[in-house]
Amino acid sequence: MTIRVVVADDQELVRTGFAMILDAQPDIEVVAEAADGAQAVAAVREHGPDVLLLDVRMPVMDGLTAAQQVCAESDCKVIMLTTFDLDEYVHTALKAGVSGFLLKDVRRDDLVHGVRVVMAGDALLAPSITRRLIAEYARPAQPGAPLSPGGAPAPLSASASGSAGDGEGGRDKGPRSLLQQLTAREEETLRCIAQGMSNAEIAAALVVSEHTVKTHVRNLLAKLQLRDRIHAVVFAYETGLVSPG
């Protein structure tokens, strides 16, 4: 299967360089390039790619606005590219449905790996962003307290899926109510995901096959109304299922 990619960055050298690296891979095809957010949205609409590499800061339409439109209109996986790892970018992008983040100084192999990881439905966060996310964003809930005290960003369970809140079949349920829908095995799997474990590692820990793990992951994402594993990680911290450290 070939992974179809659009690369969007206002810096031509960066955009061209990333495109050349990815296009050289046997399983990746760069179908379009874009120099601003508006072009990125248009390219996704025209080409229907699997993955969009999207710079945060661009002219005409910034990357965050473009990400919101792309995630709302399609199933395209979005990876945000940035020289910054500031919390507000992470918060807004996650709520938009972004599937991963990479800093622009990413190594060649990590760039290629990142596209493949996101396409497979796994979480993709640069280590520095992961630390900030866990420490500042995904704060564990206190018993009887709202999930987002003190002005913290709203929970992702409703916003990340792009379909919550429509009043159908329990879509209006809160995060804790959704958590109660999981089986014991699915909850164990979610804990493992939140700890950054791969499917193979989860399979070894739970003494099951990787196929079974994939089934648990697919089921829990559907029940929790989450877009992918990266939002499952945040959900687990938000609800207090796991705690930082």
Side-chain angles (χ1 to χ4, degrees), residues 1-9 14-34 40 43-44 47-56 63 66-67 70-71 74-83 85 90 93-94 96-130 133 160-162 189-190 192-205 209-222 226-234:
M1 174 183 174
T2 299
I3 304 172
R4 304 174 74 252
V5 179
V6 168
V7 180
D9 195 298
V14 173
R15 183 176 70 247
T16 303
F18 281 0
M20 290 178 62
I21 291 171
L22 295 173
D23 227 8
Q25 308 305 311
D27 59 335
I28 299 176
E29 176 189 4
V30 176
V31 296
E33 298 181 26
V44 170
H47 298 281
D50 301 303
V51 177
L52 168 64
L53 283 176
L54 184 63
D55 187 19
V56 169
V70 168
C71 291
S74 72
D75 294 327
C76 179
K77 304 283 189 179
V78 178
I79 301 176
M80 299 300 298
L81 296 168
T82 180
T83 55
D85 58 355
V90 178
L94 280 173
V98 165
S99 297
F101 301 83
L102 284 174
L103 301 183
K104 278 193 175 181
D105 60 359
V106 63
R107 297 185 308 168
R108 176 194 301 258
D109 290 347
D110 290 338
L111 173 65
V112 175
H113 176 68
V115 170
R116 292 170 177 156
V117 163
V118 165
M119 185 60 189
D122 292 330
L124 178 64
L125 287 173
S128 59
I129 295 178
T130 302
L133 179 65
S161 67
T189 301
L190 178 57
C192 291
I193 291 174
Q195 294 168 13
M197 298 172 66
S198 66
N199 284 349
E201 292 169 333
I202 296 174
S209 68
E210 283 193 54
H211 177 75
T212 298
V213 171
K214 291 179 181 179
T215 299
H216 289 328
V217 172
R218 183 173 61 251
N219 289 343
L220 71 87
L221 289 178
L226 300 174
R227 189 179 183 93
D228 50 34
R229 290 172 73 120
I230 191 172
H231 298 99
V233 173
V234 176

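Put simply, the side chain of Asp9 reaches to within 4.5 Å of the side chain of Lys104, judged on heavy atoms. Side-chain atoms of Ile3 and Glu29, non-hydrogen and from C-beta on, never get closer than 4.5 Å to each other. Counting only heavy atoms from C-beta outward, the side chains of Cys76 and Leu52 approach each other to under 4.5 Å.
Between the CD atom of Gln25 and the CZ atom of Arg116 there is a distance of 5.0 Å, given to the nearest 0.5 Å. The distance from the CE atom of Met197 to the OG1 atom of Thr189 is 9.5 Å, given to the nearest 0.5 Å. Here the CG atom belonging to Leu102 is positioned 12.0 Å from the CZ atom belonging to Arg107, to the nearest 0.5 angstrom.
Looking at Asp55 and Arg15, no side-chain N of the basic residue comes within less than 4.0 Å of a carboxylate O on the acidic one, giving no salt bridge.
Put simply, the residue from Val98, Leu53, Val51, Val6 that forms a side-chain contact (heavy atoms from CB on, under 4.5 Å) with Val78 is Val98.
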Atom pairs and distances, side-chain donor-acceptor, residues 209-216, under 3.5 Å, sequence neighbours left out:
from, atom 1, to, atom 2, distance (Å)
Ser209, OG, Thr212, N, 3.1
Ser209, OG, Thr212, OG1, 2.9
Thr215, OG1, His211, O, 3.1

Item to check | Derivation and outcome, side chain to side chain contact (heavy atoms under 4.5 Å, CB included), residues Leu111 and Ile21 | outcome: CA-CA 8 Å; Leu111 173 65; Ile21 291 171; 4.1 Å; yes

Next on the checklist: Would Leu22 and Val115 count as a side chain to side chain contact (heavy atoms under 4.5 Å, CB included) here? Give the steps.
Outcome noted: CA-CA 9 Å; Leu22 295 173; Val115 170; 3.9 Å; yes

Next on the checklist: Run the side chain to side chain contact (heavy atoms under 4.5 Å, CB included) test on Ile79 and Leu54 for me, step by step, so that the C-alpha distance in whole Å, both residues' side-chain angles and the decisive distance to 0.1 Å come before the verdict.
Outcome noted: CA-CA 6 Å; Ile79 301 176; Leu54 184 63; over 6 Å; no

Checklist entry - Should Val30 and Phe18 be marked as a side chain to side chain contact (heavy atoms under 4.5 Å, CB included) after you check the CA-CA gap, both sets of side-chain angles, and the distance that decides it? => result CA-CA 10 Å; Val30 176; Phe18 281 0; over 6 Å; no

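By the side-chain hydrogen bond (donor to acceptor under 3.5 Å, both in side chains) test, Arg4 pairs with no residue at all, sequence neighbours left out. Here Asp75 pairs with nothing under the salt bridge (charged side-chain N to carboxylate O under 4.0 Å, His left out) rule; sequence neighbours left out.
Between Leu190 and Leu220, the shortest heavy-atom contact is N-CD2, 4.0 Å. Annotation for Lys77 and Ser99: closest pair CD-OG, 3.5 Å, computed over non-hydrogen atoms. Looking at every heavy atom in both residues, Ala8 comes nearest to Ala40 through CB-CB, 3.7 Å.
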